[in-house]
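Not measured: the values here are computed from a predicted model.
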Amino acid sequence: MTSQEGLEIISLKKGDTVKGTIVKIEDNQAYVSIGYKYDGVIPIRELSSVQLDNAAAAVEVGQEVECKVVSINDNKESLVLSKRAIDSEKSWEDLEKYFASQEAFEVTVADVVKGGLVADVGARGFIPASMVERHFVEDFSDYKGRTLRVKVKELDRENSKVILSAKEVLEEEFEANKQKIMSELSEGQIIEGTVQRLTQFGAFVDVGGVDGLVHVSEIAWNHVEKPSDVVSEGEKVKVKVLKVDPEKGKISLSIKAAAPGPWDSAAGKINIGDVVTGEVKRLVNFGAFVELLPGVEGLVHISQISHKHIGTPHEVLKEGQEVQVKVLDFNPSEKRVSLSIKETEEAPAQAARPERSNNRDRAPKEVLNNPNVSLSNEGLSFTLAERFGDKLDKFKGNN
């Protein structure tokens, strides 16, 4: 007699469904007490619809199981059972319900294979690599034993084909969470987030499970060539909500707007009359813009660039050049600074002008001794009649 001694012996035949308790586990099989005159054996291949490393991966001592009789030979005291056959029959009914309703359910990853994951759902359920996560996963080696929530994507009972998707469940959960978070956000709100990823045009920041975009122009008050120069992935940052668009699912954020502006902090650092070093940022026809502090630029008017006359600022300056400037005027409320380069430089010496000679040193004017000319206001000293009078008299006498 086996461990069944003292129990009522039941009758069995192939195909019967029986219930029992796991009483012993070996590497490649498990023993089940079902109330028969000897224990049944479940080979490892009949424990699960997926490949197992050992029997203990599927059952444990004391566990109640339902099995189907595969074969029975009383002469050899051989009773072979299948847990997989019963699980499969029940699972297909459940799988068809899940497929029809698209309800999510939990599975445990039994194995990692080429191209994806395998789960025991009474049948062999396959989760393609592209349907595991919302993001790309390079190595699935640590997924074995994990519990995932999945949906049935494809079902073919005739060919025992079951395709599952965990990604779809994650997408739905993400969208639901996204809408909830977006409904709680308001424009102008300042919150903390985590930089998730960087691109050439900006940084995506996680604000409670949803990513918002900080455009490169909103990362800092000074010019940013690329986001990675200022922030890094995983960094905690404070951001200001600029815009929330639930319909498009977009959130616009700003890092610089969440911090004091450069003009706010410039007061006290810049004073009228100061001579400071700055960098030429832009050259225009009417002058040069020089950065004094990050985000604070002042204008050097073309008339204040050089002591000598110049046609354009490009003649003496270039972008990126460091220059000494004097602060002529500073108005932080209007974000305006007037600067001068030439007032930091010594004016060139003026060329000496020839001195005017005194009247006494001048050469004497030529004296006109002509008695017929007078330079006084009295006019000419003689008239035409006086000069030509004698001729006029003769002319009259002839007539």
Side-chain angles (χ1 to χ4, degrees), residues 130 132-139 167 170-171 173-267 269-270 276-284 288-299 318-323 332 335-337:
S130 61
V132 177
E133 298 284 358
R134 294 180 60 245
H135 57 273
F136 173 75
V137 179
E138 186 173 356
D139 184 10
K167 180 180 179 178
L170 294 173
E171 289 283 9
E173 291 174 348
F174 173 78
E175 285 301 322
N177 184 57
K178 183 176 182 178
Q179 291 301 318
K180 177 178 179 295
I181 291 173
M182 292 183 77
S183 67
E184 296 171 350
L185 292 176
S186 58
E187 294 181 10
Q189 184 179 358
I190 295 178
I191 52 179
E192 187 177 70
T194 305
V195 178
Q196 289 289 68
R197 56 194 176 93
L198 302 175
T199 66
Q200 284 295 329
F201 56 84
F204 286 93
V205 178
D206 182 330
V207 286
V210 178
D211 287 353
L213 174 63
V214 180
H215 190 266
V216 65
S217 62
E218 292 293 334
I219 288 179
W221 287 103
N222 56 306
H223 175 72
V224 177
E225 189 68 30
K226 55 182 186 294
S228 57
D229 291 338
V230 183
V231 293
S232 56
E233 293 181 359
E235 183 180 348
K236 299 284 185 182
V237 292
K238 281 190 175 181
V239 292
K240 184 175 183 178
V241 180
L242 300 182
K243 186 176 181 181
V244 181
D245 191 339
E247 290 185 4
K248 294 183 179 179
K250 293 183 178 181
I251 303 171
S252 298
L253 306 170
S254 174
I255 293 176
K256 75 178 187 182
W263 289 92
D264 298 329
S265 56
K269 294 180 181 179
I270 299 175
V276 296
T277 301
E279 180 182 341
V280 177
K281 286 294 184 180
R282 291 177 291 138
L283 295 176
V284 292
F289 287 93
V290 176
E291 185 180 60
L292 306 180
L293 296 170
V296 177
E297 293 182 2
L299 173 65
K318 60 182 180 180
E319 293 181 357
Q321 178 182 347
E322 282 196 351
V323 291
K335 298 181 180 180
R336 189 183 71 245
V337 185

### Query
Would Glu291 and His223 satisfy side chain to side chain contact (heavy atoms under 4.5 Å, CB included), going step by step from the backbone distance to the final call?
CA-CA 11 Å; Glu291 185 180 60; His223 175 72; over 6 Å; no
### Closest approach of Val244 to Pro246 (non-hydrogen atoms, all atoms of both residues)
O-CD, 3.5 Å
### Task
Kindly compute the distance separating NZ (Lys243) from CD1 (Ile251), expressed to the nearest 0.5 Å.
12.5 Å
### Query
Within a strict 4.5 Å, meaning less than it, do heavy atoms of the Leu293 and Pro262 side chains meet?
no
### Query
Is there a side chain to side chain contact (heavy atoms under 4.5 Å, CB included) between Val337 and Trp263 once you walk through the steps?
CA-CA 10 Å; Val337 185; Trp263 289 92; 3.7 Å; yes
### Query
Which distance, rounded to the nearest 0.5 Å, do you find between the OG of Ser228 and the CG of Leu198?
6.5 Å
### Heavy-atom pair with the smallest gap, counting every atom of Val216 and Val224
CG2-O, 3.6 Å
#### Entry: Nearest-0.5 Å distance that lies between atom NZ in Lys238 and atom CD1 in Ile191
11.5 Å
### Query
So with a 6.0 Å cut-off around CD of Glu225, is the heavy-atom count from everything else above 12?
no
### Straight-line distance of Leu292 CG to Lys269 NZ, nearest 0.5 Å
12.0 Å
### Closest non-hydrogen atom pair, Ala203 against Val195
CB-CG1, 4.5 Å
### Query
How close do Met182 and Lys250 get, heavy atom to heavy atom, and via which atoms?
CE-O, 3.6 Å
### Query
Step by step, would you call Val323 with Val280 a side chain to side chain contact (heavy atoms under 4.5 Å, CB included)?
CA-CA 7 Å; Val323 291; Val280 177; 4.1 Å; yes
### Query
Donor-acceptor pair, Asn177 side chain versus Gln179 backbone, under 3.5 Å?
no
### Query
In Å, rounded to the nearest 0.5 Å, how long is the span from CD of Gln196 to CG of Asp206?
4.5 Å
#### Entry: Minimal non-hydrogen separation, Val210 against Lys178, with atom names
CG2-CA, 3.3 Å
### Message
Please check this pair: side chain of Trp221 against backbone of Lys256, looking for a donor-acceptor N/O pair closer than 3.5 Å.
### Response
yes
### Closest contact, heavy atoms only, Lys240 versus Ala258
N-CB, 3.8 Å
### Stepwise side chain to side chain contact (heavy atoms under 4.5 Å, CB included) check, Glu218 with Leu253
CA-CA 8 Å; Glu218 292 293 334; Leu253 306 170; over 6 Å; no
### Query
Are any side-chain N or O atoms of Gln321 and backbone N or O atoms of Lys318, one a donor and one an acceptor, separated by less than 3.5 Å?
yes
### Message
Please report the interatomic distance CD1(Ile190) to CD(Glu192), rounded to the nearest 0.5 Å.
### Response
12.5 Å
